[in-house]
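Reading through the structure tokens given below for one structure.
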Amino acid sequence: GSNVLRMSSDVQIKPKTAAQKSKTSSPLTCSPEPAIKLQPKPSDKLNPKTIDPFGVYSRPTSAFAATYAKGGIPCRLVHGSVKHKLQWECLPETVPFDPLLLTLAEGLRETKHPYTFVSKEGFKELLLVEGAAEKAIPLLPRLVPVLKATLAHADDGVFERGLDALVQLSAVVGPSLNDHLKHLLTNLSRRLMDKKFREKVTVTLQNLEQYGGKATVAIIKSKIPTYCSI
């Protein structure tokens with residue numbers, strides 16, 4: 001009788017012990033998929049090969065990242081055999097510049113793919129649409145601070161994207177940028193000290209002068225006295 005009781009006791013204990021073990025080990029052995037389904041995040045919509053859902057970058061770091069994660073950017077990356085390109089869900093001409101141009105400018109500060117490509121290419125292509133100047137000029141008071149933050153970024157790639165975006169914007173809005181230019185020149189002046197960026201910053205300043213007109217020279221020289229007009 002005591003043997004039977006002991007055996008039944010063992011039977012009861014063993015499944016319980018196994019369950020305890022499985023509970024302890026499950027977080028280590030379970031695949032990411034069930035965890036994602038139980039705790040969905042905006043970043044789960046991103047390509048898992050690109051963004052690690054358990055990494056630091058799983059949380060949106062800017063307005064662009066948050067909007068992109070929700071599917072709010074009306075274009076997507078298409079992988080080509082030679083180079084990548086954007087595919088727009090609707091004609092860029094029909095997309096409101098406010099807030100998309102500002103959101104794409106925010107995305108210039110991202111350092112992860114596909115954010116980097118989509119924001120840079122999207123910003124450029126949006127400024128190429130017909131009537132871009134009329135749409136972009138009213139946004140300059142809000143757009144320039146975003147570009148200023150991009151040009152102040154420590155990451156070299158972010159800074160270069162900021163330079164490209166500034167030239168693209170200047171080409172579209174022309175002299176209208178002059179009223180806001182002084183806010184951007186301090187960061188450009190700082191990077192002029194860096195031999196790696198001296199040439200590219202100089203070319204950027206020359207482009208600003210070309211698109212902004214004669215008044216631009218005085219503005220540039222007020223912040224960068226060593227600048228030589230083209």
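No hydrogens, no waters, no symmetry mates; every other heavy atom, side chains included, goes into these values.
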Check whether any side-chain N or O of [X] sits under 3.5 Å from a backbone N or O of [Y] as a donor-acceptor pair, and report yes or no.
X: Thr94; Y: Cys90; answer: no
X: Lys135; Y: Glu93; answer: yes
X: Glu209; Y: Ile230; answer: yes
X: Lys221; Y: Tyr227; answer: yes

(request) Rounded to the nearest 0.5 Å, what's the gap from CD1 on Ile219 to CD1 on Ile224? Could you check? (result) 12.0 Å
(message) Using 0.5 Å steps for rounding, measure from the CD1 atom of Ile220 to the CG atom of Asn178.
(response) 8.5 Å
(request) Just say parallel, tilted or perpendicular for the rings of His84 and Phe117, cut-offs at 30° and 60°. (result) perpendicular
How close do [X] and [Y] get, counting heavy atoms only, and between which atoms?
X: Leu126; Y: Ala132; result: O-CB, 4.2 Å
X: Pro145; Y: Leu140; result: CD-O, 4.2 Å
X: Val95; Y: Leu100; result: CG1-CD2, 3.1 Å
X: Ala136; Y: Leu101; result: CB-CD2, 4.2 Å
X: Val158; Y: Leu108; result: CG1-O, 3.6 Å
X: Glu134; Y: Pro138; result: O-CD, 3.1 Å

Does any non-hydrogen side-chain atom of [Y] lie less than 4.5 Å from one of [X]?
X: Val201; Y: Asp194; value: no
X: Val144; Y: Leu181; value: no
X: Thr67; Y: Glu106; value: no
X: Gln87; Y: Leu77; value: no
X: Leu91; Y: Val129; value: no
X: Arg76; Y: Trp88; value: no
X: Leu166; Y: Leu151; value: yes
X: Lys182; Y: Ser222; value: no

(message) Enumerate the salt bridge (Lys or Arg N to Asp or Glu O under 4.0 Å) contacts for residues 139-162, please, sequence neighbours excluded, ordered by first and then second residue.
(response) Asp98-Arg142, Asp156-Arg191, Asp156-Lys196, Glu160-Lys200
(request) Determine which pairs satisfy ring-ring contact (aromatic ring centres under 6.0 Å, His included) with at least one residue from residues 159-208, sequence neighbours left out, and list them in order. (result) Phe159-Phe197
(message) Between Ser119 and Glu110, is there a side-chain donor-acceptor contact under 3.5 Å, judged purely by atom types and distance?
(response) no
